[in-house]
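In what follows, a structure is listed as structure tokens, so that the remarks can point back to it.
Atoms within each ligand, like the ligands themselves, are counted from 1 in listed order.
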Amino acid sequence: MYRLYGVQDFANLAVHVALEEAGVPHEVVFLDMDAGDLQSPDHLARHPMGLVPAMETPEGTMFETGAILLYLGERHGLAPAPGAAERVAFLSWFVFVNNGLHTAVMDLIHPYRISEDHARIVAEAARARLVERMAALEAVAATRPGWLSPDRPGVLGIYISMLLRWMRAFAWAPDLAISAQDYPALAAIATACEARPATQRAAAANGLSGRFFSDPEG
Ligand SMILES: N[C@@H](CCC(=O)N[C@@H](CS)C(=O)NCC(=O)O)C(=O)O
């Protein structure tokens, strides 16, 4: 039994989708950030920085979106299995997304955390990094590898779909938003992902509807 801790529409959403897609027993606990739940001793014991997601597993408690997605992916058939030849490319692109895309999206969304006085410059620089990296990701998605395909659910497609939502809906300034529609192969993955019943269940629990990944409202 897995127990996922999160806040509605935060990074736990990708883990929630993966849990639903895996079809494994799980419970989702939504924390109230305004009530201080993330800084409670109980939550700090789960996550050293008081962030989400965190997840209890039979082997212990985990944190970091990327780590949790990799764990679920390899245990529940949502990523190439250890030893599979295609795992080499999958791991490379997974870390590219975790380290290169996710962090840049955070700067696009919350540039004031880097510099309150220069938030616009930080957000513009993040956008420039994202545009470059999205082009590379689009190119690999266009080759339709089994681990990043609209035809087959996987943790990498789920992760990218959530980040597409963020870079379109939550950009710090509307003119800096990045639309999935500019990346047809990635948009196809997000469109397929958001249509899947598993994703719909997780989205509903997070208060989301419509084209929440491929064309979210800003
Ligand atoms: N690198 C971490 C980042 C976690 C993170 O920043 N989570 C955000 C939500 S997306 C959070 O918990 N924010 C609450 C806060 O800033 O207090 C991960 O991927 O898990």
Any Lys/Arg nitrogen of [X] or [Y] sitting under 4.0 Å from an Asp/Glu carboxylate oxygen of the other?
X    : Y    : value
D175 : R120 : yes
E217 : R211 : no
R129 : D107 : yes

Identify the protein heavy atom lying closest to [atom], giving its residue, its atom name and the separation to 0.1 Å.
atom                    : answer
atom 5 (C) of ligand 1  : V52 O, 3.6 Å
atom 9 (C) of ligand 1  : F10 CD2, 3.4 Å
atom 19 (O) of ligand 1 : T65 OG1, 2.8 Å

Heavy-atom contacts with [X] under 4.0 Å: which atoms of ligand 1 show up? List them by number with element.
X    : answer
M106 : 6 (O)
A11  : 10 (S)
M33  : 14 (C), 17 (O)
L38  : 14 (C)
P53  : 20 (O)

Sub-3.5 Å N/O-N/O distance, W166 and ligand 1: no
N or O pair under 3.5 Å between E64 and ligand 1: yes
Would [X] count as a contact of ligand 1 if the rule is a heavy atom under 4.0 Å away?
X    : result
H102 : yes
H47  : no
H110 : no

Ring geometry between F94 and F90 (parallel below 30°, tilted from 30 to 60°, perpendicular above 60°): tilted
Anything under 3.5 Å between a donor and an acceptor, one on a side chain of residues 58-73, the other on a protein residue two or more places apart or in another chain? List them.
from : atom 1 : to  : atom 2 : distance (Å)
E59  : OE1    : Y71 : OH     : 2.6

Counting only pairs under 3.5 Å, give me each side-chain donor-acceptor contact of residues 41-54, with atom names and distances, residues two or more places apart or in other chains.
from : atom 1 : to  : atom 2 : distance (Å)
H43  : ND1    : R46 : NH1    : 3.1
H43  : NE2    : L51 : O      : 2.7
H47  : ND1    : M49 : N      : 3.0

Aromatic centroids of H76 and Y2 separated by under 6.0 Å: yes
R201, Q200, R196 screened by side-chain hydrogen bond (donor to acceptor under 3.5 Å, both in side chains) with E20, the one that passes: R201
Test item: side-chain donor near acceptor, N98 and Y159, under 3.5 Å: yes
Proximal candidate to atom 11 (C) of ligand 1 [heavy atom criterion; set L51, V7, V15, T103]: L51
Rounded distance (nearest 0.5 Å) linking atom NE2 of H16 with atom CD of Q8: 10.0 Å
Side chain, backbone, both or neither: the part of R113 lying under 4.0 Å from ligand 1 by heavy atom: side chain
